[in-house]
Amino acid sequence: MSKKEKIGTGALSFIFIMGIVSLFSDMTHEGARSVIGPFLSLTGASASTIGFVSGLGELCGYSLRLISGPLADRSGKYWTLVIVGYTLQVLAVPLLAIVPENGWVVASALIIMERSAKALKKPAKNSLVSFASSEIGAGKGFAYMEVLDQLGAFLGPVIIFLMSYLAKSDSEIGTYHKAFAILIVPALITIALVIFSWRKYPHPEVFEKKSESNEEKFQIRLPFVLFMMAISLFAFGFADFSLISLHSAVNGLFPSSTISLLYALAMAVDAVAALVFGSLYDKIGLKSLVVATILSSFFPFFAFLSNKPWIVILGIVLWGVGMGAEESIMKSAVASIVPKNMRSTGFGVFETVFGVAWFLGSWLLGVLYDRNIRVMVIVSFVSQILAIIFYLITIRKEKE
């Protein structure tokens, strides 16, 4: 085997190992997220409060990357941030098992803690993966990661469903407590695996051969600004799944014990969409995101305006398409644009803007849900259509 082939194989192995770490991590926190809407409702939170907490969690989960990103680049302590972030993130989830009745404030604090810990490790992790992805293609590299990531996001809700079904309690909230408690197992496996990854691949930056000056600066050009505006509009109108699960639960569209399976379905679609659109990005660039957003933009009509379960499921499938494409393509685009020595900073800046938009959108959509669901659906749809327009403008400016 030649040296080039060894490097390529090592890069792929590193991506696979980090994908397994993400698998168990997502099994933990996405398992909880699949039922967090109904759970917060049981602890005393209103729909607008749930929308606010979900949005605030995402805001913290993205905006704090503006700090952790530059910190990773300046210190070079990528693995330190990754290990500490993963540890805090996955341990916050099983603690939901001890939230008391009417304890929505405590539950909300744990949700925000989990999202904040994600912000601590995410830019550093994305940078490490981007170094290895340069060997096989940015789109494919992040797509492979996303597939394993979403496999965990699929299995987590399934675990919650099985625990809710098998470990029934005298109260519905007690059943949720037992389901959250079992997530300590994948949480501990996550911590063990991320430490193993660090010991096996202490310097993943060697995978990226491109030599760059330490003084190279990332310049924000018009296409990048337009792309940030587009992805922000997408985030603003993309309703958090907690609203979808709440809507399905309070309207009796599905048995409460099966709500987590709806999220499992969305995550399975997410994984397939990430692989398809991530590979497509390497061939046609941002046009792939236009196609994905056109498909996903119709999800609110199906998910919120129908009383037929199969139509709601169709809306959830479209939601998964949008989420999968966004997860793989957004990271690929940043990795392609930002210089190696400033990549964590680039991820931090970009994802902070995304998180602010998601927070404002989730809050507004939660308030509108309480007042007028049809208006909420229109706001969601129009925002995504505007995102498509900005994607097209970005593509045109890049050609110019």
Side-chain angles (χ1 to χ4, degrees), residues 7 10-11 13-26 28-29 59-92 112-135 138 141-142 145 148-149 187-218 330-332 334-355:
I7 292 175
S13 297
F14 173 73
I15 290 173
F16 177 76
I17 291 175
M18 290 305 294
I20 297 298
V21 171
S22 292
L23 187 155
F24 283 98
S25 172
D26 272 46
T28 307
H29 59 79
L59 176 63
C60 293
Y62 283 99
S63 63
L64 293 178
R65 301 179 198 195
L66 195 59
I67 299 174
S68 63
L71 178 61
D73 284 330
R74 291 171 185 171
S75 67
K77 304 292 185 181
Y78 296 107
W79 275 119
T80 300
L81 294 172
V82 169
I83 293 171
V84 173
Y86 264 121
T87 300
L88 293 176
Q89 182 183 15
V90 296
L91 291 183
I112 293 170
M113 172 184 167
E114 184 269 323
R115 293 287 92 182
S116 299
K118 180 178 181 179
L120 180 64
K121 54 91 173 174
K122 196 68 173 182
K125 176 198 168 185
N126 283 340
S127 293
L128 295 180
V129 174
S130 73
F131 300 149
S133 295
S134 65
E135 280 293 316
F142 280 105
M145 273 285 300
L148 290 169
D149 188 274
L188 294 177
I189 293 175
T190 300
I191 296 170
L193 283 175
V194 75
I195 292 175
F196 168 79
S197 303
W198 161 57
R199 296 298 298 272
K200 186 171 180 62
Y201 294 101
H203 302 290
E205 59 269 22
V206 301
F207 290 125
E208 185 162 341
K209 300 187 298 295
K210 184 167 58 177
S211 177
E212 298 183 14
S213 168
N214 289 331
E215 297 181 357
E216 181 173 356
K217 300 298 182 182
F218 168 51
M330 184 179 77
K331 295 173 186 175
S332 302
V334 175
S336 300
I337 294 170
V338 183
K340 178 181 178 180
N341 60 298
M342 293 190 67
R343 199 158 292 160
S344 288
T345 301
F347 279 118
V349 171
F350 194 90
E351 292 172 342
T352 294
V353 174
F354 182 89

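Bear in mind that the values here come from a model prediction, so they are computed numbers and not experimental data. For this chain, numbers begin at 1 and follow the sequence in order.
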Euclidean distance, [Y] [atom2] relative to [X] [atom1], rounded to 0.5 Å:
X	Y	atom1	atom2	value
Phe196	Ile189	CZ	CD1	14.0 Å
Ile112	Cys60	CD1	SG	5.5 Å
Phe24	His29	CZ	NE2	13.0 Å
Ser25	Ile191	OG	CD1	10.0 Å
Leu64	Ile67	CG	CD1	5.5 Å
Asp26	Gln89	CG	CD	8.0 Å

Modelled atom types, side-chain donor and acceptor of Lys200 and Ser13, under 3.5 Å: no
Could you tell me which non-hydrogen atom of [X] sits nearest to which non-hydrogen atom of [Y], and how far apart they are?
X	Y	value
Leu128	Pro204	CD2-CG, 3.9 Å
Ser68	Leu81	O-CD1, 3.9 Å
Thr190	Tyr86	CG2-CD2, 3.9 Å
Tyr201	Trp79	O-NE1, 3.0 Å
Tyr78	Ser127	CE2-CB, 4.1 Å
Arg65	Pro123	CB-CG, 3.6 Å

Is Val82 close to Trp198 at the side-chain level, that is, under 4.5 Å between some pair of heavy atoms? no
Less than 4.5 Å apart, side chain to side chain, heavy atoms only: is that true for Leu148 and Ser22? no
